Amino acid sequence: MQPALPLSGLTILAVEDSHFAAEALRLLCHRSGAKLRRTETLEAARSHLDLYRPDAVVVDLSLPDGSGAALIAELTADAPGPVVIAASGDPSGREAALAAGAHGFMEKPLDSLALFQQMLLQHLPDRQRPPEDEALPPPDPFSLREDLSRAATLATDAQPHSAPARYLAGFVSGIARSSGDTPLEQAARSAADSAEGLDRMKRLILTRLAGSTGAF
């Protein structure tokens with residue numbers, strides 16, 4: 001009989017709007033023995049949490065309907081509660097996430113099995129099995145295409161210096177960072193407050209989609 005995996009039997013809720021990042025989390029959970037559930041917005045996460053109590057919650061800091069830090073504060077206001085881990089492609093979000101009460105912070109791309117397991121195991125004293133480390137396959141490329149298609153739709157009406165543009169820039173920056181697309185990540189950094197940057201990001205997104213048949 002093979003020994004149980006480090007996170008065997010646990011349920012993890014991912015509050016994550018990116019299909020690509022969610023697919024990476026699914027691989028991490030699968031290799032760790034945990035079951036993954038997912039919501040894409042704060043509203044959906046709160047509705048889910050009214051009915052279910054996961055063992056851990058991984059919260060993206062930038063969501064379509066607000067900051068993940070607000071949900072982190074709610075989840076950690078009372079004890080005992082789930083282990084709450086923040087995730088973001090922007091390392092500057094670490095301080096705000098920890099200040100909100102997060103037990104840990106993972107910087108995207110989410111590709112370290114050992115880090116993922118250790119982040120949770122250190123807050124689960126009944127779990128003594130050490131984390132494992134192994135190379136993970138890349139996330140399904142179709143999940144990246146779904147994210148880029150969504151970004152292209154959002155970019156249609158986005159205007160610089162607006163809340164939708166700031167959300168879009170953060171979303172694209174995250175998926176670009178996770179997929180190793182440096183030019184797109186650089187364009188996204190200036191897209192929120194620059195018409196030129198926003199236009200460049202739109203063109204790059206359309207170029208990625210036009211040049212893809214489902215694989216990147």
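None of these values were measured; they are calculated from a predicted model. All heavy atoms count here, side chains included; hydrogens, waters and symmetry mates do not.
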Given the rule that I, L, V, M, F, W and Y join up when any side-chain heavy atoms are under 4.5 Å apart, are [X] and [Y] in one cluster?
X	Y	answer
Y167	F20	yes
L25	L7	yes
L209	M201	yes
L124	V58	yes
L63	F105	yes

Keeping the roles fixed (side chain from [X], backbone from [Y]), state whether a donor-acceptor pair exists under 3.5 Å.
X	Y	answer
H103	H123	no
R177	P109	no
D65	L42	yes
K108	G174	no
S190	A187	yes

Looking only at heavy atoms, what is the nearest atom pair of [X] and [Y], with distance?
X	Y	value
A100	A69	CB-O, 3.6 Å
Q117	P6	OE1-CG, 3.5 Å
A169	A188	CB-O, 3.3 Å
L168	A158	CD2-CB, 4.0 Å
G93	L61	O-CD1, 3.5 Å
G101	T76	O-CG2, 3.2 Å

Charged N to carboxylate O below 4.0 Å: is that the case for R150 and E40?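 Looking at E40 together with R150, the answer is no, because their closest N to O distance does not fall below 4.0 Å.
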**Asked** Do the charged groups of R200 and E196 touch, with an N to O distance under 4.0 Å?
**Response**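 A salt bridge is absent here (no side-chain N lies under 4.0 Å from a carboxylate O).
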State, yes or no, whether a side-chain contact exists between [X] and [Y] at a heavy-atom distance under 4.5 Å.
X	Y	answer
L5	R31	no
R208	I205	no
I85	I12	no
D140	H19	no
L49	E74	no
D17	D147	no
E146	E23	no
L10	K35	no

- request: Would you check, one step at a time, whether the test side chain to side chain contact (heavy atoms under 4.5 Å, CB included) holds for T11 with R37?
  value: CA-CA 7 Å; T11 297; R37 297 178 181 272; 4.0 Å; yes
Hey, what do you get for [atom1] ([X]) to [atom2] ([Y]), rounding to the nearest 0.5 Å?
X	Y	atom1	atom2	value
S62	D90	OG	CG	9.5 Å
E16	L36	CD	CG	10.5 Å
D55	R53	CG	CZ	10.5 Å
R94	M106	CZ	CE	11.0 Å
S194	R189	OG	CZ	14.5 Å
T41	H48	OG1	NE2	12.0 Å

Exercise for review: Report the C-alpha separation of L110 and S178 in whole Å, then their side-chain angles, then the decisive distance to 0.1 Å, and conclude whether the side chain to side chain contact (heavy atoms under 4.5 Å, CB included) test is met.
Suggested key: CA-CA 7 Å; L110 307 177; S178 294; over 6 Å; no
May I ask you to check whether over 12 heavy atoms, not counting those of H161, lie within 6.0 Å of atom NE2?
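Check passes, neighbour count above 12.
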Take D181 and L204 through the side chain to side chain contact (heavy atoms under 4.5 Å, CB included) test and state the conclusion after the steps.
CA-CA 10 Å; D181 192 336; L204 286 175; over 6 Å; no
Assess the residue pair M119 and V83 against the criterion (side chain to side chain contact (heavy atoms under 4.5 Å, CB included)); give the C-alpha distance rounded to whole Å, side-chain angles, the decisive distance to 0.1 Å, and a yes or no. CA-CA 9 Å; M119 191 80 68; V83 178; over 6 Å; no
